[in-house]
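Here's the structure, in structure tokens; my notes come after.
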Amino acid sequence: MDIIEKLEKNERLNYEDGVALYGLDLFTLGHFANLQRTKRWGKKVYFNINRHINPTNICKDICKFCAFSANRKNPNAYKYTKEEVLNIAKDAYARGIKEVHIVSAHNKEHDLDWYMGIFREIREKFPSLHIKAFTAAEVHFMSELHDLSYDEVLDRMIEAGVESMPGGGAEIFDEKVRAYICKGKVSSQNWLKIHELWHKRGKFSNATMLFGHIEEREDRIDHMLRLREVQDKRQGFNAFIPLVYQRDNNYLKVDKFLGSTEILKTIAISRLMLDNIPHIKAYWASATLNLAMVAQEFGADDLDGTIEKEAIQSAGGAKSAQGQALQDFLDIIITSGFTPVERDSLYNELQVYEEANSGAC
Ligand code: V47
């Protein structure tokens, strides 16, 4: 059966199909990805009102692609105090922010107790603020630092009030590429295992993929399929987030950068390959806001959120440092023909913004 026939019959796609999808033209891919997106979500596009907090950029690991961590190209090392993190959360809460997304570099001066103390205090003082925190790479780092099993670290997170896990640290699962771009970081197998253990506890998480550097198209399909296999077991991934590689201020030499077509194709293909992950996020901070708007036509149904302060993509050159003002965000979504839906961190709908109440023209 050829690939178009499989798409028309809505059959599950295998590795060879995934690679073959890249051979289709963008509009054919967009047509099929949009059918799937529309079948599930119609014209709705999800976002939340969130605040990213990155307590330190001092990291024991040296990932070649990372411009966020302090190094020779980024001499501005910082380390927040516990009070500083709590004040950011307090201020966010007072302004109606619903989620804090807390991820950090791997720094042994900020140990597990330090973070758990912060999470516990946020939980006690601001009980309606959802805590999305600790990537699988951080769980791995903490397990090595304290000689704890992954189970023990995850249980401590839950006990301290962490409600969901972000999808960072996945990068690219192919072992050869991974060894080149982020040697020493959590292995692919362990990244997947940590999320599986989290899902076993009835908890939800996200999954990212860093693309547009030295990986091949085949590696992206392999990455998606490894996630699909885990997802088949417990449906614990809420969203897949393809992160477009930002090229500035780092140690990964890449001559050829992705154009919009390849980015949109990859988003559309992820919608088609990941038939069991409900949400595909066009992360505007890495894809740019305008391309994220177009990506809504190519399978994406989620835009992350207003973010407020973005430190990782912007360190690599993205124009995302100040986040998005809510009204601007709503207006651009509505004028691009979609219905913004504010969601909570677990995708429960909080408010549907129809044109009438947005102020867009
Ligand atoms: O894991 C680092 C990536 C990730 C660069 O779960 C880079 O909802 C592009 O995971 N170019 C952290 N990307 C961000 C992340 C995330 C973001 C938004 C939402 C969620 C979620 C998760 O940023 C890292 C790494 O893959 N990253 N450097 C770079 N130069």
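Numbering of ligands and ligand atoms starts at 1, following listing order. Numbers here simply count residues along the sequence, with the first being 1. Small disclaimer: the values here were computed from a predicted structure and weren't measured. What you see below is based on every heavy atom in this structure, not just the backbone, and it leaves out hydrogens, waters and symmetry mates.
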Using a 3.5 Å cut-off on N or O atoms only, is [X] in polar contact with ligand 1?
X	result
F65	yes
N206	yes
Q246	yes
G167	yes
H101	no

Could you list which atoms of ligand 1 come closer than 4.0 Å to a heavy atom of [X]?
X	value
D304	8 (O), 18 (C), 19 (C)
K132	8 (O), 21 (C)
G168	1 (O), 10 (O)
G169	1 (O)
V244	9 (C), 11 (N)
P166	6 (O)
I241	6 (O), 8 (O), 19 (C), 20 (C), 21 (C)
K281	8 (O), 19 (C), 21 (C)

| task | Taking atom types as modelled, find out whether N276 and Q231 have a side-chain donor-acceptor pair closer than 3.5 angstrom. | result |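 Distance-only check fails for N276 and Q231.
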| request: Check Y283 against ligand 1 and report side chain, backbone, both or neither, counting heavy atoms closer than 4.0 Å. | output: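 Near ligand 1, Y283 shows its side chain, while the N, CA, C and O stay back.
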| said: Among K203, R123, R201, which residue satisfies the salt bridge (charged side-chain N to carboxylate O under 4.0 Å, His left out) criterion with E163? | reply: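 So, applying the salt bridge (charged side-chain N to carboxylate O under 4.0 Å, His left out) to E163 and each of K203, R123, R201, only R123 qualifies.
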What side-chain donor-acceptor pairs closer than 3.5 Å can you find for residues 14-22, not counting sequence neighbours?
unit_1: N14; atom_1: OD1; unit_2: E16; atom_2: N; d: 3.1
unit_1: N14; atom_1: OD1; unit_2: D17; atom_2: N; d: 2.8
unit_1: D17; atom_1: OD2; unit_2: K6; atom_2: NZ; d: 2.7
unit_1: D17; atom_1: OD2; unit_2: N14; atom_2: N; d: 2.8
unit_1: Y22; atom_1: OH; unit_2: R220; atom_2: NH1; d: 3.0
unit_1: Y22; atom_1: OH; unit_2: T266; atom_2: OG1; d: 2.9

Do the charged groups of [X] and [Y] touch, with an N to O distance under 4.0 Å?
X	Y	answer
R343	D302	yes
R156	D113	yes
R120	E159	yes
R226	E175	yes

| said: Checking one residue: I58. Which other hydrophobic residues are in its cluster under the side-chain 4.5 Å linking rule? | reply: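 Listed partners: none, I58 stands alone.
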| task | Indicate the atoms forming the closest heavy-atom contact of S104 with N54, along with that distance. | result |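 Shortest heavy-atom separation between S104 and N54 comes out as OG-C, 4.1 Å.
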| task | Considering only non-hydrogen protein atoms, determine which one is nearest to atom 4 (C) of ligand 1 and report residue, atom name and distance to 0.1 Å. | result |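 Answer, as residue, atom name and distance: L243 CD1, 3.7 Å.
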| request: Considering heavy atoms of the protein only, find what lies nearest to atom 26 (O) of ligand 1 and give residue, atom and distance to 0.1 Å. | output: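 Closest protein heavy atom to atom 26 (O) of ligand 1: E171 OE1, 2.4 Å.
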| said: As an exercise, state the distance from NE2 of H223 to CG of L192, rounded to the nearest 0.5 Å. | reply: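 Reported to 0.5 Å precision, the distance equals 8.0 Å.
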